[in-house]
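Below is one structure; the comments refer to it alone.
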2 protein chains.
Amino acid sequence: MAEKAAHASADLCQRLRAAALRPTRQRLVLAELLFARGHRHVTAEALHAEATRAGIGVSLATVYNTLHQFTAAGILRQVAVDATRTYFDTNVDAHQHFYVEDSSMLIDIPGDSIAVSGLPQPPKGTRIDRVDVVVRISKA
Amino acid sequence: MAEKAAHASADLCQRLRAAALRPTRQRLVLAELLFARGHRHVTAEALHAEATRAGIGVSLATVYNTLHQFTAAGILRQVAVDATRTYFDTNVDAHQHFYVEDSSMLIDIPGDSIAVSGLPQPPKGTRIDRVDVVVRISKA
DNA sequence: AATCTTCTTTAGAATTATTCTAAACTGTTG
DNA sequence: CAACAGTTTAGAATAATTCTAAAGAAGATT
Ligand SMILES: [Mn+2]
Ligand SMILES: [Mn+2]
Ligand SMILES: [Zn+2]
Ligand SMILES: [Zn+2]
């Protein structure tokens with residue numbers, strides 16, 4: 001298990017270097033929190049609270065910087081569901097979301113389950129970057 | 001055309017009364033700007049600027065209040081595409097959007113052109129409120 | 001290892017979008 | 001025309017995010 005952690009860390013170093021980002025203590029810690037197990041959806045504030053709780057000193061500005069750098073590097077993506085917060089998603093593969101309005105939680109919908117058909121031609125001179133589907137749900 | 005305007009105004013009064021909203025000068029002016037011709041996508045700031053430009057005195061707080069009241073009344077809806085602004089849509093029928101990332105513009109996609117299939121069952125105890133599709137496009 | 005260079009972190013100020021407060025004002029009803 | 005309830009608004013307050021500039025850490029160079 002020490003091996004596994006070491007391996008994961010080494011792996012993260014690679015990913016950062018590949019993105020031309022120096023593997024600093026802060027970035028490694030945040031990357032660990034983000035990618036250590038399974039996919040996650042987080043806000044900057046939530047991740048900052050988590051890091052702080054874990055005893056790691058990292059400023060909120062750095063959390064924001066890091067989230068944006070990771071997004072630019074393609075290892076995170078932003079999800080727009082609620083105008084008041086920005087969510088970051090560690091799953092960058094094509095997939096969609098349930099958004100639970102009561103609790104402001106995101107739930108993944110695997111990329112191969114939903115199919116969107118009948119898309120009209122995008123306006124002349126533009127290309128489609130991504131098709132986002134948000135299924136808004138609330139307590140029945 | 002004086003008739004048409006009068007008719008439209010009378011119509012707006014009805015809609016407001018139906019929503020238990022007093023037809024005040026401010027609300028009528030904003031409703032006019034919003035619903036007078038065709039469907040629109042606006043932000044609070046943009047609508048406020050428009051009202052001000054048209055020589056109508058209406059505070060930004062009132063614009064926000066009104067947009068939210070109209071949304072609660074079901075004659076407007078919010079569209080979440082960009083975490084930095086909230087867009088309000090005068091088209092409340094089921095339909096979808098292109099979002100032009102370069103210019104932050106929304107373009108309607110008629111409700112009957114796109115079909116979403118393969119939606120998984122929503123989590124136990126929840127029901128689907130709406131399925132939003134945003135097709136993000138940018139300069140080719 | 002010491003040095004140099006460049007990138008990174010950060011505290012705190014600043015910005016932006018939005019909401020709140022409380023007092024003045026207006027539409028409605030009897 | 002009261003009288004009441006609903007509405008508007010200036011300005012303060014909040015919340016999320018970004019900016020600034022100075023101090024700190026990484027990587028390259030000697
Ligand atoms: Mn906000
Ligand atoms: Mn914001
Ligand atoms: Zn996801
Ligand atoms: Zn629309």
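First the proteins, then the strands, lettered A, B, ... as listed; each starts at 1. Here the structure is a predicted model, which is why all the values come from computation and not from measurement.
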Open item on the list: Just to be sure I understand the geometry, which residues of residues 15-25 of chain B put a non-hydrogen atom under 4.0 Å away from DNA chain C?
Closed with: B:R17, B:R22, B:P23

Task: Side-chain donor-acceptor pair present, A:S138, B:D129, cut-off under 3.5 Å - done: yes

Open item on the list: Is there a side-chain contact between A:Y64 and the phosphate of D:dT18, meaning an N or O under 4.0 Å from OP1 or OP2?
Closed with: no

TODO: Report yes if a side-chain nitrogen or oxygen of B:Q26 is closer than 4.0 Å to either non-bridging phosphate oxygen (OP1 or OP2) of C:dT26; otherwise report no.
DONE: no

Task: Residue-level proximity of residues 44-63 of chain B to DNA chain D when a heavy atom falls under 4.0 Å - done: B:G57, B:V58, B:S59, B:A61, B:T62

- [ ] Send over the distance from A:D82 CG to D:dA16 P, rounded to a whole Å.
- [x] 10 Å

Task: Distance, rounded to the nearest Å, where B:L28 contributes CG and D:dT8 contributes C1' - done: 14 Å

- [ ] Please check if the side chain of A:H48 supplies one atom and the backbone of A:A46 the other of a donor-acceptor pair under 3.5 Å.
- [x] no

Open item on the list: Could you check whether any side-chain N or O of B:T62 sits under 3.5 Å from a backbone N or O of B:V58, counting only pairs where one atom can act as donor and the other as acceptor?
Closed with: no

Task: salt bridge (Lys or Arg N to Asp or Glu O under 4.0 Å) assessment of A:R40 paired with A:E50 - done: CA-CA 13 Å; A:R40 323 190 37 186; A:E50 211 174 303; 2.8 Å; yes

Task: Whole-Å distance separating the CZ atom of A:R85 from the P atom of D:dT18 - done: 16 Å

Task: From CZ (A:R127) to CZ (B:R136), nearest 0.5 Å - done: 13.5 Å

TODO: Consider only side-chain N and O atoms of A:H41 and A:D108, and report whether a donor and an acceptor are under 3.5 Å apart.
DONE: yes

TODO: Compute both the distance and the angle, then confirm whether B:R15 meets the cation-pi test with B:F35: under 6.0 Å from the six-membered ring centre, within 45 degrees of the axis.
DONE: yes

Open item on the list: What contact category does A:T43 fall into here, base, sugar-phosphate, or nothing, at under 4.0 angstrom with non-hydrogen atoms?
Closed with: nothing

Open item on the list: Would you say that B:L16 contacts B:F70 through its side chain, given a criterion of any heavy-atom pair below 4.5 Å between the two side chains?
Closed with: yes

TODO: Give the rounded distance in Å between these two atoms: OH of B:Y87 and C1' of C:dT18.
DONE: 16 Å

Open item on the list: Check whether B:Q26 reaches the backbone of B:V63 with its side chain - one donor and one acceptor, N or O, closer than 3.5 Å.
Closed with: no

Task: Pair A:H97-A:D89, side-chain donor/acceptor within less than 3.5 Å - done: yes

TODO: Using only side-chain N and O atoms of B:T86, determine if any of them is under 4.0 Å from OP1 or OP2 of C:dT18.
DONE: yes

TODO: Specify the residues of residues 65-80 of chain A, ordered by number, for which at least one heavy atom lies under 4.0 angstrom from an atom of DNA chain D.
DONE: A:H68

Task: Interatomic distance, A:T52 atom OG1 to A:E45 atom CD [nearest 0.5 angstrom] - done: 9.5 Å

